[in-house]
Amino acid sequence: KALAREKIILHIHGLYNYLTYVLCATFRRLPIVIQHHGDCPPLRLVERQRKLMVFIPILGLEQMITNKTLRFVDYFFVLTQKEKAQLLRIARPKKIKIQSMGVDFDFFAPMKKAEARKRLNLAFSNNTKILLYVGKLQKYKGCDVVIDVFKELRDKHPVKLLLVGGNETDELYSYAQANGAIVFPRQPNELMPIFYSAADVMLLPGSKSLQDWGGIGIALIESLACGTPVVGGTLKNFNGRIADIGVMALTKKVMIE
């Protein structure tokens, strides 16, 4: 009660987790705002991993707890239309807004492509096009699609593929190396504007699960801030004219075209 009289807003990052449920139930008298970060409702986890089917009774119980505690939330910032539709079952429309993550446009700014490539020691010919992917080398983000697209394009065009953020433990690490991709480990944030500026296009197809729940993706926004166009399936969550910022590609065929 003492807290309720103070000018306090509880801002929670992350929607579907036990800590969020406890905070919402404990501090229900406070104004609560939650920022969705790409997680999905308990019962929807089965869509991501079929092996979780055996836990449906437990996930169903967690879904009941979720629905009960999230009713105490005053405002939701979510990443996708699908998440908004999910929350409309327990919250009024005026309490939910689709909003992506922010980017510092003073930090992520364009630089000359030739200079960026030189700083990264990329000794490619001037007519070589660079495809860029940023993130873990996993099917969830569609890295397998990016590699397959590269394999088809390189037979017809002078292209190179840069994968930034790879680790030897990633599920597609060996597949990427075997197919000629240039793999960089996770980079310091201050180097990322150089990678974006060196590329000709940024690719992030994403799996269906990422497209439905994960939002546009911070890497795509950073790429756009650096003046590099984007192609990806997650653009379906952009609030505006997609044609103004990039190309929405939900399949490998569209990405190649």
Side-chain angles (χ1 to χ4, degrees), residues 1-105 107-108 135-136 138 140-141 189 204 206-222 225 233-240:
K1 292 183 179 179
L3 280 176
R5 290 194 293 269
E6 298 292 332
K7 294 181 179 180
I8 295 175
I9 295 178
L10 185 59
H11 187 184
I12 302 173
H13 286 263
L15 190 48
Y16 299 106
N17 61 76
Y18 297 130
L19 178 59
T20 293
Y21 308 150
V22 171
L23 290 174
C24 289
T26 304
F27 299 104
R28 67 184 72 179
R29 295 177 182 275
L30 292 178
I32 300 175
V33 177
I34 291 184
Q35 173 69 58
H36 172 231
H37 281 278
D39 39 349
C40 69
L43 284 175
R44 295 286 189 169
L45 287 171
V46 177
E47 298 175 6
R48 291 187 174 185
Q49 300 186 53
R50 291 296 179 183
K51 62 183 180 181
L52 295 178
M53 287 284 292
V54 296
F55 296 106
I56 280 186
I58 298 175
L59 294 174
L61 177 61
E62 184 180 337
Q63 187 70 60
M64 293 173 61
I65 296 172
T66 298
N67 294 344
K68 184 176 179 61
T69 56
L70 292 186
R71 293 181 188 276
F72 302 126
V73 177
D74 295 274
Y75 210 86
F76 298 91
F77 290 105
V78 301
L79 298 177
T80 69
Q81 292 285 353
K82 191 158 188 174
E83 180 54 42
K84 180 177 181 179
Q86 179 74 29
L87 289 175
L88 284 174
R89 301 176 183 181
I90 61 172
R92 297 192 299 274
K94 67 178 183 180
K95 287 188 172 185
I96 310 168
K97 182 178 181 180
I98 297 178
Q99 177 174 293
S100 189
M101 310 305 294
V103 167
D104 184 345
F105 285 89
F107 182 79
F108 288 94
K136 290 185 177 182
Q138 56 184 200
Y140 174 64
K141 288 199 170 185
N189 204 43
L204 182 62
S207 61
K208 186 178 185 305
S209 183
L210 180 64
Q211 293 169 11
D212 286 345
W213 306 104
I216 297 173
I218 194 72
L220 288 193
I221 302 174
E222 291 173 349
T234 61
L235 285 179
K236 73 177 187 178
N237 297 301
F238 178 68
N239 283 327

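Atom NZ of Lys84 and atom NZ of Lys97 lie 10.5 Å apart (nearest 0.5 Å). To the nearest 0.5 Å, atoms CH2 (Trp213) and CG (Leu79) are separated by 11.5 Å. Taking OH from Tyr21 and CG from Leu15, the interatomic distance works out to 7.0 Å, rounded to the nearest 0.5 Å. In this structure, CZ in Phe55 is found 14.0 Å from CG in Leu61, a value given to the nearest 0.5 Å. Atom CD1 of Ile32 sits about 14.5 Å away from atom CZ of Arg71, to the nearest 0.5 Å. One distance of note links CD1 of Ile34 with CZ of Phe72; it measures 12.0 Å at 0.5 Å rounding.
Ring-plane geometry between His13 and His37 is classed as tilted, the angle between the planes lying from 30 to 60 degrees on a 0 to 90 degree scale. The aromatic rings of Tyr75 and Phe77 sit tilted, their planes meeting at an angle between 30° and 60°.
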Apply the test side-chain contact (heavy atoms from CB on, under 4.5 Å) to residues Val33 and Val73: give CA-CA distance (whole Å), side-chain angles for both, the deciding distance (0.1 Å), then the verdict. CA-CA 6 Å; Val33 177; Val73 177; over 6 Å; no

Just do the side-chain contact (heavy atoms from CB on, under 4.5 Å) check on Leu70 and Tyr16 with the steps written out, would you? CA-CA 9 Å; Leu70 292 186; Tyr16 299 106; 4.0 Å; yes

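In terms of heavy-atom proximity, Val103 sits nearest to Ala225 at CG1-CB, 4.4 Å. In plain terms, the two heavy atoms of Gly135 and Lys141 that are nearest each other are CA-NZ, 4.2 Å. Gln211 and Gly206 get closest at one heavy-atom pair: NE2-O, 3.0 Å. Closest of all the heavy-atom pairs between His11 and Gln35 is NE2-CB, 3.9 Å.
Counting non-hydrogen atoms of other residues, nucleotides and ligands closer than 6.0 Å to OH of Tyr18 gives a total of 12 or fewer. No more than 12 heavy atoms of other residues, nucleotides or ligands shown are found within 6.0 angstrom of NZ on Lys136.
Using a 4.5 Å heavy-atom cutoff, the side chains of Pro41 and Thr66 are not in contact. Contact check for Glu83 versus Leu87: side-chain heavy atoms found under the 4.5 Å cut-off.
Qualifying side-chain hydrogen bond (donor to acceptor under 3.5 Å, both in side chains) partners for Thr69, counting only residues two or more places apart in sequence or in other chains: none. In this view, Lys68 satisfies the side-chain hydrogen bond (donor to acceptor under 3.5 Å, both in side chains) rule with no residue, not counting sequence neighbours.
For the side-chain hydrogen bond (donor to acceptor under 3.5 Å, both in side chains) criterion with Asp212, the lone passing option out of Lys236, Gln81, Arg44 is Lys236. A side-chain contact (heavy atoms from CB on, under 4.5 Å) with Cys24 is found for one member of Leu10, Leu19, Leu30, Ile12 and no other, namely Ile12.
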